[in-house]
Number of protein chains: 2
Amino acid sequence: MSKKATIYDIAKELKITAATVSRALNNNPKISEKTRDLVLATAEKLNYKQNRLAVALKSGKSNNVGVVVPFINKNFFASVIRGIEEELYPKGFHVIISQTHEENDREKKIIQNLINAQVDGILVSTSFTNENKNQLHQVLKKSSPFIFFDRVLHFDDISTVTIDDYQGGFDATEHLINQGCKRIAHFNVNQNIELYNNRFKGYKDALSKHGVAYNSDYVITLKSDMEAGKEAAEKLMNLPVPPDAIFSSTDNGLLGAVKYLQSIAVKIPEDFCVVGFSNEPFTQFLEPSISSVDQSPVEMGKMAAKVFLEQIESNQDVKIHKDVVLPAKLIIRKSSSKHK
Amino acid sequence: MSKKATIYDIAKELKITAATVSRALNNNPKISEKTRDLVLATAEKLNYKQNRLAVALKSGKSNNVGVVVPFINKNFFASVIRGIEEELYPKGFHVIISQTHEENDREKKIIQNLINAQVDGILVSTSFTNENKNQLHQVLKKSSPFIFFDRVLHFDDISTVTIDDYQGGFDATEHLINQGCKRIAHFNVNQNIELYNNRFKGYKDALSKHGVAYNSDYVITLKSDMEAGKEAAEKLMNLPVPPDAIFSSTDNGLLGAVKYLQSIAVKIPEDFCVVGFSNEPFTQFLEPSISSVDQSPVEMGKMAAKVFLEQIESNQDVKIHKDVVLPAKLIIRKSSSKHK
DNA sequence: TTGTAAGCGTTATCAC
DNA sequence: GTGATAACGCTTACAA
């Protein structure tokens, strides 16, 4: 009772061999009904539990997958992880999570650690940018299946799962134009991160499609937090010709802007429309509620998990490379509803 | 290059034995400088990575800990996990997360799975209640260190980490009384869950301390969501003598109530004060911002991790049982600030 | 200081 | 249908 029971304990009890016990436990067809039942009964009696570590070592499959994100307590990442876990748990996988704190050294170390732990795959939303992506690639050579989601980098042999950031940016901007906004500003985060750049491109293309002039004074690069959003909004409103709308690549930055606009009595949406990105929970509770582009994080997690599963279920030799792009859904709320 | 290198590969390369390689890699003092350097160099050259699975099997320690929560994409749980991960990662532990969906069968199965995976410990915010706690205890007998946090059950041999829910309920209620509220309602969630019951007790004791009559019409048990909160508020406001404040055990329930009150033009905080619980991110962004009791989720996670570490670092024989109670911090915002 | 050999708990490949 | 044995990759007495 003190030590955990092994198949040897069962074998000894029944005066048979461990191999037979193993077969019985694994529903191997080459075994008699009688011994199977006997084994199962004794296993129960001894409170036997399979040691998955031993199985893992023997088989080379740990049934663990690593998930690497900047911080897990951000709604988006937490939701992606929820999706991953829900897809993988029924297949017998456990999800190991780690946080990079957006530090590249840490991210490399974490990935190396996961590889050492023999995880069967690694899903990452990376903090690396195109400028330093090669650093990361070193760690990845010949490792277990690797998949990027959301914040991705492109390598020939690595699949990615993203949402259509370009379309999201386009739709949001076009929607603002349709509301009659003439001078639409944009909050960007980092030019070197593909996803933000795609949103930015969508913004520019929507402007150009509708013949709205692009004004670089209206594009501000800022951190994704309230304080930065306030400052950025203040700067915009002090321009000779201030904008009449903002499409922000983040909800948090936009939140600061909204608070600032309200503080100087700018009426939203009557005088000024805004659309954010991420559909953070708070956007729907604010007054006015904030339009935002939804990223379907749970679905993204599930999709990333599915791509991983496909990869390991396929023949080893066939290298599956896949870039899945999920739709971005513009959620229109009061903050950008001038009419009606 | 195709297969992963093992210590045997290094040994063969250097014409020494695997044991020596192992010693060199582990900084065993009984080894010559020369061979150590040689081993390290060849390890590097062959791109050797330690197989932690093998170490785990040998040592009986997997360096994994399981964390079990209802859903990971709730801000509270995500933040607790963040704390756990940050405390444990530097010590070489990986965090495996799983979600119970608040289903008891699933929770049992998950815990059993984690035990099979030989995790070194399990940290759980349980969905079991006192009524069915024995079901769970069966699974726990003689398993690895086990720790409850937030939603806990009490067993002689299991440590717990919670916040002072009683004090939180007390402080929130007393604060409302001090604001001049005379008829304070309460939103409860489930009588059988200790933590909600403690908040409720705090509420009652604060009333009684200040000589405010307890009125059972003002206490409503409801699910923790907006819709339920709206209905509950409507019910309250239709009483012959409606309340003039609510202390809610959840922010989400309270949110619905606030929206309802605003819809019938009740002024908060002038005519009606509210205080919630959990300090969800949205509470500070609403207009008016919502007072709430903060649960320090990240600290709770760190503390749970620390209790776990203590437990495994102590001698096996000494069973440490500890019930850590962290302070609950009332955050006062506009929703309950009548004066000034 | 280094080598030998056993063992962690399984499963798979042979035999019989 | 069952038993013996080797192997997964590593650590650790015990010898030398």
Side-chain angles (χ1 to χ4, degrees), chain A residues 2-40 42-43 46-64 92 113 115-120 143-144, chain B residues 2-40 42-43 46-64 92 113 115-120 143-144:
Chain A
S2 54
K3 280 258 165 207
K4 283 180 184 163
T6 73
I7 51 172
Y8 278 92
D9 298 321
I10 300 179
K12 203 186 302 172
E13 183 94 358
L14 294 175
K15 297 188 194 312
I16 58 178
T17 191
T20 309
V21 174
S22 172
R23 283 188 276 254
L25 258 19
N26 290 300
N27 282 321
N28 189 313
K30 298 183 170 305
I31 194 122
S32 74
E33 274 293 317
K34 197 168 23 165
T35 37
R36 191 211 296 341
D37 294 347
L38 232 39
V39 168
L40 260 34
T42 352
L46 299 183
N47 192 28
Y48 167 80
K49 305 297 172 203
Q50 188 190 52
N51 183 330
R52 292 172 88 242
L53 237 40
V55 180
L57 177 60
K58 185 74 172 74
S59 67
K61 296 188 61 335
S62 68
N63 281 296
N64 287 148
N113 259 303
I115 294 174
N116 294 175
Q118 310 295 120
V119 292
D120 296 336
S143 82
S144 21
Chain B
S2 54
K3 281 255 165 212
K4 284 179 184 163
T6 72
I7 52 171
Y8 280 91
D9 298 321
I10 300 179
K12 203 187 303 172
E13 184 94 359
L14 294 175
K15 298 190 192 312
I16 57 177
T17 190
T20 310
V21 175
S22 171
R23 283 187 275 254
L25 258 16
N26 291 299
N27 281 322
N28 188 314
K30 298 182 171 304
I31 194 122
S32 75
E33 274 293 317
K34 194 171 23 166
T35 38
R36 190 211 298 338
D37 294 347
L38 233 38
V39 167
L40 260 33
T42 347
L46 299 183
N47 193 28
Y48 167 81
K49 305 297 172 202
Q50 188 190 52
N51 184 331
R52 291 170 90 243
L53 238 40
V55 180
L57 178 60
K58 184 71 170 78
S59 67
K61 294 188 64 330
S62 67
N63 280 298
N64 286 149
N113 260 304
I115 294 174
N116 294 176
Q118 311 297 117
V119 292
D120 296 337
S143 82
S144 22

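Heavy atoms only: backbone and side chains are in, while hydrogens, waters and symmetry mates are out. Letters A, B, ... mirror the listed sequences (proteins, then strands); counts begin at 1.
Separating the CG atom of B/L57 from the P atom of D/dA7 is a distance of 17 Å, rounded to the nearest angstrom. Taking atom CG of residue A/N63 and atom P of nucleotide C/dT10, one finds them 15 Å apart after rounding to whole Å. To the nearest angstrom, C1' of C/dT1 lies 15 Å from CG of B/L14. Rounded to an integer number of Å, the gap from CG of A/N28 to C1' of D/dG1 is 10 Å. Between B/I16 atom CD1 and D/dC10 atom P there is a gap of 14 Å when expressed in whole angstrom units. One interatomic measurement links the two molecules: CZ of B/R52 to P of D/dT11, which rounds to 12 Å at whole-angstrom precision. Distance, B/N26 CG to D/dG9 P: 17 Å, rounded to whole Å. The nearest whole Å value for the distance from the NZ atom in A/K4 to the C1' atom in C/dC8 is 13 Å.
Nearest-nucleotide assignment on DNA chain C puts the 5′-proximal partner with B/R36, out of B/R36 and A/A19. Checking B/E33 against A/K58, the closest nucleotide of DNA chain C that is more toward the 5' end is the one next to B/E33. Both B/L25 and A/S32 lie near DNA chain D, and the one whose nearest nucleotide falls closer to the 5' end is A/S32.
In this structure, B/S22 does not reach the D/dC10 phosphate: none of its side-chain N or O atoms is under 4.0 Å from OP1 or OP2. Remark: B/Y48 is in phosphate contact with D/dC10, judged by side-chain N or O atoms under 4.0 Å from OP1 or OP2. Residue B/Q50 places at least one side-chain N or O closer than 4.0 Å to OP1 or OP2 of D/dT11. Proximity of B/T35 to the phosphate of C/dT2: a side-chain N or O atom is located under 4.0 Å from OP1 or OP2.
A donor-acceptor contact shorter than 3.5 Å is absent between the side chain of A/T42 and the backbone of A/I10. Proximity of a side-chain donor or acceptor of A/N26 to a complementary backbone N or O of A/N28 within less than 3.5 Å is not detected.
Nucleic acid contact for A/K61: none, since no nucleic acid atom lies under 4.0 Å from a heavy atom of the residue. Residue A/S59 is classed as having no contact, given no heavy-atom separation below 4.0 Å to the nucleic acid. Base engagement by B/T17 is indicated by at least one non-hydrogen atom pair under 4.0 Å involving a base atom. If you check every strand for non-hydrogen atoms under 4.0 Å, A/I31 touches sugar and phosphate atoms only. Across all strands shown, B/L53 has no heavy atoms under 4.0 Å from either base or sugar-phosphate atoms.
A side-chain donor from one of B/S32 and B/T35 sits under 3.5 Å from a side-chain acceptor of the other.
If you check C/dT10, D/dT2, D/dC10 against the side chain of A/K30, the one that comes closest is D/dT2. Between D/dT11, D/dG9, C/dT10, one nucleotide has an atom nearer to the side chain of B/A54 than all others, and that is D/dG9.
Here the side chains of B/T20 and B/V39 are not in contact, with every heavy-atom distance at 4.5 Å or above. Residues A/L25 and A/Y48 form a side-chain contact, since some pair of their non-hydrogen atoms from C-beta on lies under 4.5 Å apart.
Across B/A117 and A/R52, no two heavy atoms sit closer than the pair CB-NH1, 3.6 Å.
Taking only distance into account, the side chain of B/R23 meets the base of C/dG3 through a donor-acceptor pair shorter than 3.5 Å.
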